[in-house]
Chemist: 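Here's a structure for you.
Chain identifiers are assigned alphabetically (A, B, ...) following the order of the sequence lines, protein sequences preceding nucleic acid strands; residue numbering begins at 1 within each chain.
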Amino acid sequence: MNRKNVYSRPQLSCLVILRILIGWYFMYEGLAKIFNPNWSSYPYLLDSKGFFAPIFISLTDYPFLVDVINYINMYGLTIIGLCMILGCFVSIANIGAIGLLSLYYLSHPPLIGVHYLIPPEGSYLWVDKNLVMLGAVLVQHFFPSSHYIGIDRYIFRKFRKTQEQ
Amino acid sequence: MSAKESKQNIDNQVTQPESKGRRDTLKTLATVPVLGAMAYGVYKKKKREHSNKVSSALFSFDAAPTIMEQQPDGKTIRLGIIGFGIRGAQLMQALGFATPQYLEDLKTQAKNDPQNTRYQDFLEQEDLNIVVNGVCDIFDVYAKDAAMAGANRKREGLNGKLDKLPTIYKHYKELLAAQDIDAVIIATPDHWHGTMIIDAVNAGKHVYVEKPLTWTVPETYLVVDAVRKSNVVFQLGHQGRQIEINHRAKDIIQKGLIGDVTLVEVSTNRNDPNGAWVYDIHPEANPSTIDWKQFEGHPQRIKEYMDYMTSSGAAKYIGPDSRDKFSLERFFRWRCWWDYSTGLSGDLLTHEYDAMNHILDLGIPASATSSGGVYFFKDGRTVPDVLQTTFEFPDRNMSFLYSATLASQFNRPRKIMGTDATIELGSSLNVTIDGASQRYKDKIEQGVIKPGEPFYRYASGKSIDALSSATEMYFAERGLLFSYVEGKRYNTTFLHLREWLECIRQKKQPSCGIEEAFAEAITAHMGTRAYLEGRTMYWDKDKQIITRE
């Protein structure tokens, strides 16, 4: 096997660690919601602020939609996290993560003079942890590591092989 | 490096001969053990949380109380409204009737602020199958407004079409004599409640009356006697009976989960002129638009009041104006003078007492002491703006402490203090386990229960236990949680009126009937007399009278 990667060993290690950390974060966020029978996105949606707030708040008028949003969050976060940890279909997982993180940011933007019922645990001005996380996911999307370390390595080889045949 | 380039590199790499198959597999599955760590962490965390499930195990209840079903094809109830001041207007709004001006204002608010849904909520409010056939108010402007509200069945603003106007009666007795009225809502000043109830019952009308039940002690017996002997459905306006968390508090106490209750602490905390009864004076009010003679009161009631005040050393609290002297202040701000009012005791202590009587089945206390004074609103009022009243219930081994100020709105939740735990009732119900509890001793020692920390919380029909997230607790405290799961959010006054109407249709007993009202009235009168006389008042259970020793 060609040992000469496009990444140096420390670079690849960092990318894999970053992917596992982000994956872990997503997966446990999802699992915690699945395990908590009382969890609902309802209060979070209701507490939306900023330019898009009316859209997010209007979703709470439809219990069915709230249920759908709950499922997307519970299972979406878990599956995205699982994919990242295993290094399996990571580019699809990245797109899902970018979508969810964008929605979280847009519903709760850290604007000046905006106060949330659940106060954030840090101090933010325009940039919050969701946005930083979004940046990190973008990095791992364009600097993929799962084709070296992860199930994608196997999947893509198989895929390639099938194509060759 | 672009994604494409990197992909190419990878492709080169993964198409290498499989001589290093083992290494390859290792690279493919290198991160799988992370899942093991995740599984272990989740297992440990769940195990720890499982021990916290003790609160949901201990505090499990039957379903939350549901509201009485409206009878299909029930008969339309024809209402008469006596009194359309601040509260009368609120009661009619709760019934689905508001003046076109009021609704126009709500429409404007909704236009200016899309988040303001009050107009929409009002439109969607359930139709209670009622008509308003008669209204009466001794201030002409209010009487006309009441008629307009009664005719506004389509719930429209200023450009809307009104239905047939209800009859405006100059005197409440004419309204009571009307054949097209089945039931009346009385929202007049305190000094008229008792007399109007008796007259309404004698006229065969069902009665919903605002609290307090009565203004004088002697009339209390007459009212109770009249209602007990009649077939009318009677409801006293303590809408707190409909507060869901109070029902849950009752369940908790009945299950013995907080141990022996020795102290109940309740309060009133307000800090604005409106809350201190300094209401606006209507610009069109004058001797020609107000029937002052009728406002003065029933001669027999006035005699009972004067007899008591002069014979008990409380004459200094009479007046100071003479009763027949027209006064806009006394007309609109009548709660500030004993001549018409029952003060903090009748207006606000009664809500607190009735809530506790509902939860704890207290009945009438054995004794009452009161103290306080006019400490802030030195505007000529005779009723105190700061009041402390304690009621003793020796056969229940408990005291009831009421503390009120109209010059600070610092929030003090209702507290029911037991040997094993304390219940706090605010916008949510909170239970905190007592560190010295015997009942929970083992669990405290095991570290499963942390005394002093919120152990169980209930809000908006939802139990929140130690498993719940901080966010949920946060929302629960603000009463926001899961309101959509429980369906529409209800106004308690609407529920209380609705219950009364359904009881009329289904010939049932409402939750704040005459027995509860009797206990409320006597308790409030004991507190008032203790203040006026500056000494302890007692209840003679056998003779059913208030005594001084």
Chemist: Quick one: OG1 on B:T28 to CG on A:L86, what's the gap to the nearest 0.5 Å?
Modeler: 11.5 Å
Chemist: For A:I20, is it the side chain, the backbone, both or neither that has a heavy atom under 4.5 Å from a heavy atom of chain B?
Modeler: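 Just the side chain, heavy atoms under 4.5 Å.
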Chemist: Do you know which two heavy atoms are closest between B:M38 and A:Y28, and how far apart they sit?
Modeler: CE-N, 3.9 Å
Chemist: Closest approach of A:F35 and B:K46, non-hydrogen atoms and distance?
Modeler: CB-NZ, 3.5 Å
Chemist: Using heavy-atom distances under 4.5 Å, tell me whether A:L31 contacts chain B through its side chain, its backbone, both, or neither.
Modeler: side chain
Chemist: More than 12 heavy atoms of other residues, nucleotides or ligands under 6.0 Å from OH of A:Y25: is that the case?
Modeler: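 Atom OH in A:Y25 is not packed in, count stays at 12 or less.
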Chemist: Would you say B:T31's side chain and A:I85's backbone share a donor-acceptor pair under 3.5 angstrom?
Modeler: yes
Chemist: Take atom CZ in A:F89; do more than 12 heavy atoms of anything else shown fall under 6.0 Å from it?
Modeler: no
Chemist: Where on A:L82 is there a heavy atom nearer than 4.5 Å to chain B: the side chain, the backbone, both, or neither?
Modeler: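 Only the side chain of A:L82 comes within 4.5 Å of chain B.
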